[in-house]
Amino acid sequence: MSVVLRVADVHVLRDGRALAHGPAAEVLTGDQAGRCFDLPLALERHGGRWTVRVESGARESGA
């Protein structure tokens, strides 16, 4: 038996607070992920798999 799960609705949380919710295709974006993790992120979907990476030129931590 094979079970296929699809995410229809997602919630993006930070510190226990909702930043966004709605259809995965609309909510799972680099901008939303970046807001969640406080980083400039790129989020992509290829062949049903999600990937995320830090955008080049990401801000450096200042001392």
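Taken to the nearest 0.5 Å, the SG atom of C36 stands 8.5 Å off from the CG atom of D15. Atoms CD and NE2, on E26 and H21 in that order, are 11.0 Å from each other to the nearest 0.5 Å. Note that CG of L43 is 10.5 Å distant from CD of E55, once rounded to the nearest 0.5 Å. Atom OG1 in T51 sits 5.0 Å away from atom CD in E44 (nearest 0.5 Å). The distance from atom OG1 of T29 to atom CG of L41, rounded to the nearest 0.5 Å, is 10.0 Å. Atom-to-atom distance recorded for R53:CZ and L39:CG is 13.0 Å, nearest 0.5 angstrom.
The hydrophobic cluster containing L28 does not contain L13, counting ILVMFWY residues as joined when their side-chain heavy atoms lie under 4.5 angstrom apart, directly or transitively. In this structure, V54 is a member of the same hydrophobic cluster as W50, with clusters built from ILVMFWY side-chain heavy atoms closer than 4.5 Å.
The two residues L19 and Q32 have their closest heavy-atom pair at O-OE1, 4.4 Å.
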